[in-house]
There are 2 protein chains.
Amino acid sequence: MSTKSSPRAPGRPRSPSPIRRERIPDHRAAGTPAAPKFRPIHTRRAFEEICERIREQLALGVLKPGDKLPPERDLAQQLGVSRNVLREALRSLEMAGVLRLQKGVKGGAFIQEGDTSRMNGVMRDMLSLGTISVRELSEARVHVLDLVVRLACANARRADLDALEANIERTEDATREGRLLDRVECSREFYKLLAAATGNKVIAMIMDSVTEIHMRFVYAKVSSSGVAMARLAEKRRQFLAALGERNVTSATRLMRTHLESVQRMLEQDPGAMSLHVALAEVQPGLRR
Amino acid sequence: MSTKSSPRAPGRPRSPSPIRRERIPDHRAAGTPAAPKFRPIHTRRAFEEICERIREQLALGVLKPGDKLPPERDLAQQLGVSRNVLREALRSLEMAGVLRLQKGVKGGAFIQEGDTSRMNGVMRDMLSLGTISVRELSEARVHVLDLVVRLACANARRADLDALEANIERTEDATREGRLLDRVECSREFYKLLAAATGNKVIAMIMDSVTEIHMRFVYAKVSSSGVAMARLAEKRRQFLAALGERNVTSATRLMRTHLESVQRMLEQDPGAMSLHVALAEVQPGLRR
DNA sequence: TCCATTGAATGGGTGATCCATTTAACAATC
DNA sequence: GATTGTTAAATGGATCACCCATTCAATGGA
């Protein structure tokens, strides 16, 4: 589409065929001769159909980030559904990070740039629902981080190393001034930068998703007990040096021992390590 | 909650405080003395608030899988919003895999068991939106698979190995009878079983999410060109043997060389490897 | 005992209507 | 002429009042 301008009726590119609330087929009268598999009836609801069609246009490349969908009233009419139903679909797509809805004239539903942090929410829901455990998440994090360190060793560029260097300096400032919670923020950012240094956004996404929850635990721990990792910035410098020298063995070893000491710190007071504490309300700086 | 029964007014456990469309605070009259940062106004919309509250109850453990929310009409009234708005929120949560909405008397909104395949959709959206590339995804898959093989070597149980064995037998059947597309389905399942053999659902989730798209490419390739991996079942048997012997070196090497040959097959005809082909309509057996 | 009927509960969907925000165009003022 | 209000239209946000389709327990007749 890419109808960045033209306020009204942007070309009406291809009037979407109206959603038909397809009645469930009656299995062609009573006499079904060869009915091998009765797949569960998937009662198609209007909003599902709408979501699917928009995603289809996306996959086909007809819609691209920055494009604008027609106004709700128009699109609803084109699809032959009520505005309310259309909005349910748009809402879902907005929550999925595909759309951004903007009010006012010149507003509308815009296709978003993909938001790599969407995976975090999935992970959080899985944890809330008890589908995955904190133990599994921690273990996964250790392994993913090992992979990330190896890839970062291989692929980190000058700019990545500089960003990590700057992050360590901020960590030192925060340490010197006793701003413990800011230091946790620095840690969060450190792992994000490290993930980015792999040069692979998929890996980075995975890494971020397993790190986000972990950092919540650290935040909760630090903010409740006031304890803090000893010699953090120093260890970070050692690690960064190994990374700069592309010394995989050293870098992975440093990271592993650091993770272990963090884990020990977290497990000092297992009672406070409630899942609910970490998942509950969003801390400042954490809302993205 | 856990009000599995009691059709009407299930205890009315704790009437949620009504959603107040909090007007943006006027920064306490005009005179803001020390206004350091003007974070962008995040116009809270009713449905966001609702989603957050339900997720909060989930994180707090007040709501658990199997629980039922009050009927839409009741809940809307309790929250002080219209039914339409409430439905937007419920729709979003349903798409996120948190809820299942069921019609009819005794129907309602039920908290679901977590659906580990939710990450696949995120990955698909990221690809559709061009945020990640097929190259990044393939590369990530290679690395994740390497990790999975190592973990499976360490943790696979008898049942896991048996399931893989059974899968290989189905692969042999399909090969013998020339059912190429079924064989692709077997491959999809093989990787799922392998992921499960790690004993870590987080790792398995990650593995599945990077594998799903890949298998679409394979499916598209096989179904269009009719070519098929040579000696697939044989290679699978070799690999399974290594896995059974906990021979990490051998298992990872076998997997790596196999991946390389698959990659060569896929890249034979790069023109056909369109992203859109793979992302477009859902193939039978792939819809979950 | 079994099966058909019925009716209430519940999600699915519609249409009309209003509000709030945003922006461009325009007018008024300095 | 530049700045500053004013206005009006477009658009998403939200409400209300309905109606339909599905499901299932209760009812009642064969």
Side-chain angles (χ1 to χ4, degrees), chain A residues 3-10 18-26 40-51 68-95 99-110 112, chain B residues 3-10 18-24 26 40-51 68-95 99-112:
Chain A
T3 62
K4 314 271 189 187
S5 54
S6 69
R8 172 100 204 178
I19 303 284
R20 284 298 80 226
R21 209 85 54 265
E22 61 208 49
R23 311 197 107 297
I24 285 124
D26 277 321
I41 294 290
H42 190 63
T43 318
R44 298 290 278 176
R45 287 164 299 177
F47 88 101
E48 290 179 299
E49 196 97 2
I50 298 171
C51 284
K68 193 175 90 166
L69 298 184
E72 291 183 354
R73 292 164 175 83
D74 293 8
L75 188 50
Q77 197 178 15
Q78 289 178 44
L79 292 167
V81 298
S82 76
R83 202 179 146 213
N84 285 324
V85 168
L86 172 65
R87 297 186 89 235
E88 287 179 14
L90 295 181
R91 272 288 131 75
S92 298
L93 291 170
E94 188 186 17
M95 291 315 268
L99 292 181
R100 186 185 76 247
L101 270 63
Q102 212 165 340
K103 262 206 288 198
V105 57
K106 290 289 158 191
F110 297 86
Q112 278 215 289
Chain B
T3 61
K4 315 271 191 190
S5 53
S6 68
R8 171 98 206 181
I19 303 281
R20 283 298 78 227
R21 209 85 53 265
E22 60 208 48
R23 309 198 109 296
I24 286 122
D26 276 320
I41 295 292
H42 191 64
T43 318
R44 299 289 279 176
R45 286 164 299 175
F47 89 101
E48 289 178 298
E49 197 97 1
I50 299 172
C51 284
K68 190 174 92 163
L69 298 184
E72 291 183 353
R73 290 164 176 85
D74 292 9
L75 189 50
Q77 198 178 15
Q78 287 178 47
L79 292 167
V81 298
S82 77
R83 202 182 145 211
N84 286 327
V85 167
L86 172 66
R87 298 186 85 234
E88 288 178 14
L90 295 181
R91 273 286 133 75
S92 298
L93 291 170
E94 188 185 19
M95 289 317 265
L99 294 180
R100 187 186 74 247
L101 271 61
Q102 212 165 340
K103 263 206 288 197
V105 58
K106 290 290 157 194
F110 297 86
I111 310 288
Q112 277 216 290

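Convention: sequence-line order gives letters A, B, ...; per-chain numbering from 1.
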Next item on the list: Using whole Å, report how far CZ of B/Arg44 lies from P of C/dT21.
Entry: 16 Å

Check: Taking the nucleotide of DNA chain C with the closest heavy atom to each, which residue, A/Gln102 or B/Gln102, is nearer the 5' end?
Finding: B/Gln102

Next item on the list: May I have the distance from A/Glu72 (atom CD) to C/dA16 (atom P), rounded to whole angstrom?
Entry: 16 Å

Next item on the list: Starting at CZ of A/Phe110, measure out to NZ of A/Lys68 and round the result to the nearest 0.5 Å.
Entry: 5.0 Å

Note to self: Of the options C/dA9, D/dG13, D/dT22, whose atoms approach the side-chain atoms of B/Val105 most closely?
What the structure shows: C/dA9

Next item on the list: Please work out which residues in residues 85-95 of chain A have a non-hydrogen atom less than 4.0 Å from an atom of DNA chain C and list them by number.
Entry: A/Val85

Notebook entry, point to check: Expressed in angstrom and rounded to an integer, what is the separation of A/Lys103 atom NZ from C/dT21 atom P?
Noted result: 5 Å

Sub-3.5 Å pairs of nitrogen or oxygen atoms, protein against nucleotides 16-18 of chain D:
| from | atom 1 | to | atom 2 | distance (Å) |
| --- | --- | --- | --- | --- |
| D/dC16 | N4 | B/Asn84 | ND2 | 2.2 |

Note to self: Distance check needed: C/dT22 C1' versus A/Leu101 CG, whole Å only.
What the structure shows: 14 Å

Item checked: 4.5 Å side-chain heavy-atom contact, B/Leu75 and B/Ile50 -> no

Next item on the list: Kindly write out the residues that satisfy salt bridge (charged side-chain N to carboxylate O under 4.0 Å, His left out) with A/Arg100, not counting sequence neighbours, or none if the list is empty.
Entry: none

Margin query: Can you list everything that forms a side-chain hydrogen bond (donor to acceptor under 3.5 Å, both in side chains) with B/Glu72? Sequence neighbours excluded, please.
Written below: B/Arg83, B/Arg87

Note to self: Assess the residue pair B/Val85 and B/Leu79 against the criterion (side-chain contact (heavy atoms from CB on, under 4.5 Å)); give the C-alpha distance rounded to whole Å, side-chain angles, the decisive distance to 0.1 Å, and a yes or no.
What the structure shows: CA-CA 10 Å; B/Val85 167; B/Leu79 292 167; over 6 Å; no

Notebook entry, point to check: Nearest heavy-atom pair of B/Leu101 and A/Arg45: which atoms, and what distance?
Noted result: CB-NH1, 4.3 Å

Note to self: I'd like to know whether A/Glu88 forms a salt bridge (Lys or Arg N to Asp or Glu O under 4.0 Å) with A/Arg91, so could you lay out the CA-CA distance, the side-chain angles of the two residues, the decisive distance to 0.1 Å, and finally the verdict.
What the structure shows: CA-CA 5 Å; A/Glu88 287 179 14; A/Arg91 272 288 131 75; over 6 Å; no

Next item on the list: Could you tell me the separation between the CZ atom of A/Phe110 and the P atom of D/dT11, rounded to a whole number of Å?
Entry: 10 Å

Item checked: Atom-to-atom span, CZ of A/Arg100 to C1' of D/dT11 - whole angstrom -> 14 Å

Item checked: Nearest heavy atoms of B/Leu99 and B/Ala109, plus distance in Å -> CD1-CB, 4.3 Å

Notebook entry, point to check: Do you know which two heavy atoms are closest between B/Ser92 and B/Cys51, and how far apart they sit?
Noted result: CB-SG, 4.1 Å

Item checked: Integer-rounded Å distance: C/dG12 P and B/Leu99 CG -> 11 Å

Item checked: Rounded interatomic separation in angstrom, taking CG from B/Leu79 and P from D/dA14 -> 13 Å

Checklist line | Of the listed nucleotides C/dT23, C/dG12, D/dG12, the one nearest the side chain of A/Lys106 | finding: C/dT23

